[in-house]
Amino acid sequence: MSRLLIVPAALVLLCLLLIGGSMTLGAALEDAPTVLQHHPQCALPCWRGINPGRTHIDPANQIMLNMSYNAENTMINRTRLSYPAPDAARCAVQIEHREAIVTEMRLYQCPGLRLGDVLLALGRPDGVQPGNMIFYFQGSRVWAKLHVNGCAPRLSPFLPVQELRMSIASAGDSRVSWQGFLRPREYVRQFPETLLLTC
């Protein structure tokens, strides 16, 4: 009789383990980078209420201060404000402005930000600049630069993003069309002006 109770007890234990694993996985998915969270009134290239080409630098700076960022302005470049990450969970930010209007924002050192996160948030890229592994989105006003070299075995949604840039101007035409998660060398081969090194 006790042997008959072991099987249902084992099944109950297995179910509890599966439920616990699912809850852990769900919590991990909720911790995905918030840098790309969609805001109904401010979709990229607008970020946290800062819209390149529209937002004045003073309100932009106030938004950053409200998020606990502190500006570092250098005497070398008075048109760029740098905001080191206030904690390990957030990106460092640079804001450039011209005639007191924000022209460009750069988010870098974003913990956990991956190419797949950007693709989920912004959809199919406009194109790829193979030499530097830059992916263009939103009419090329948003671009993501990867931490990857041309000898990497294959692109992947798990590759870390080195920098996310939002600008008033679209990037140039030095790119090829997005063709999925090919090897970086396959993209470079389509771009005749880029030197292909032997790996």
Side-chain angles (χ1 to χ4, degrees), residues 21-22 24-39 42-48 50 52-53 80 82-85 87-96 103-199:
S22 298
T24 302
L25 180 60
L29 291 174
E30 284 180 14
D31 290 339
T34 58
V35 65
L36 296 175
Q37 280 183 344
H38 179 70
H39 295 274
C42 188
L44 294 178
C46 175
W47 182 76
R48 301 294 188 264
I50 304 171
R80 178 182 299 155
S82 294
Y83 300 87
D87 53 61
R90 289 193 273 176
C91 307
V93 180
Q94 279 187 354
I95 297 179
E96 293 192 15
T103 56
E104 184 173 274
M105 289 180 293
R106 297 180 187 190
L107 310 177
Y108 55 98
Q109 298 169 351
C110 298
L113 183 61
R114 306 285 182 215
L115 176 59
D117 300 319
V118 180
L119 291 171
L120 281 173
L122 301 177
R124 181 185 176 93
D126 300 335
V128 179
Q129 203 282 341
N132 295 314
M133 280 286 97
I134 296 172
F135 292 73
Y136 298 101
F137 301 88
Q138 302 290 341
S140 299
R141 291 183 60 203
V142 178
W143 61 261
K145 183 175 182 181
L146 298 189
H147 273 300
V148 66
N149 63 48
C151 295
R154 181 176 281 277
L155 293 176
S156 156
F158 301 103
L159 287 170
V161 173
Q162 178 180 352
E163 180 181 344
L164 189 67
R165 184 180 295 188
M166 293 149 276
S167 178
I168 59 170
S170 62
D173 291 326
S174 58
R175 58 186 178 230
V176 296
S177 63
W178 164 250
Q179 295 162 41
F181 297 103
L182 302 176
R183 295 173 63 195
R185 291 181 57 151
E186 299 303 317
Y187 278 107
V188 173
R189 283 192 177 116
Q190 298 174 49
F191 200 70
E193 296 159 8
T194 301
L195 179 64
L196 181 64
L197 300 177
T198 302
C199 297

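Nothing here was measured: the structure is a model prediction, and the numbers come from that model.
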- C42 and R48 have their tightest heavy-atom pair at SG-N, 4.0 Å
- Task: Determine the minimum heavy-atom distance between F137 and G123, stating which atoms define it.
- Result: CE2-O, 3.2 Å
- Query: Hey, which of V118, L155, N132 is the one that makes side chain to side chain contact (heavy atoms under 4.5 Å, CB included) with L146?
  - Reply: L155
- About how many Å separate CZ of R90 and OH of Y83, when rounded to the nearest 0.5 Å? 13.0 Å
- Query: Hey, what do you get for CG (L164) to CG (L122), rounding to the nearest 0.5 Å?
  - Reply: 7.5 Å
- Message: Is the ring pair W178/F181 parallel, tilted or perpendicular, if the boundaries are 30 and 60 degrees?
- Response: perpendicular
- Message: Given 3.5 Å as the limit, does a donor-acceptor pair link the side chain of Y187 with the main chain of Q179, or not?
- Response: yes
- Is any side-chain heavy atom of M166 less than 4.5 Å from a side-chain heavy atom of L107? yes
- For I168 and E104, what are the C-alpha separation, side-chain angles and deciding distance, and is it a side chain to side chain contact (heavy atoms under 4.5 Å, CB included)? CA-CA 6 Å; I168 59 170; E104 184 173 274; over 6 Å; no
- Item | Where P111 and A88 come nearest, the two heavy atoms and their spacing | CG-O, 3.2 Å
- Query: For the atom pair CD (Q138) and OG (S167), what is the distance rounded to the nearest 0.5 Å?
  - Reply: 13.0 Å
- Message: Walk me through whether W143 and D126 qualify under side chain to side chain contact (heavy atoms under 4.5 Å, CB included).
- Response: CA-CA 9 Å; W143 61 261; D126 300 335; over 6 Å; no
- Is any side-chain N of the basic residue among K145 and E163 closer than 4.0 Å to the acidic one's carboxylate O? no
- To the nearest 0.5 Å, atom CZ of R165 lies from atom OH of Y136 at 9.0 Å
- Query: Looking at side-chain heavy atoms only, is the closest gap between P52 and M105 below 4.5 Å?
  - Reply: yes
- Under a 4.5 Å cut-off applied to non-hydrogen side-chain atoms, are L159 and H147 in contact? no
- Query: Do the side chains of Q109 and C91 get nearer than 4.5 Å, heavy atoms only?
  - Reply: no
- Could you tell me which non-hydrogen atom of V93 sits nearest to which non-hydrogen atom of I95, and how far apart they are? CG1-CG1, 4.1 Å
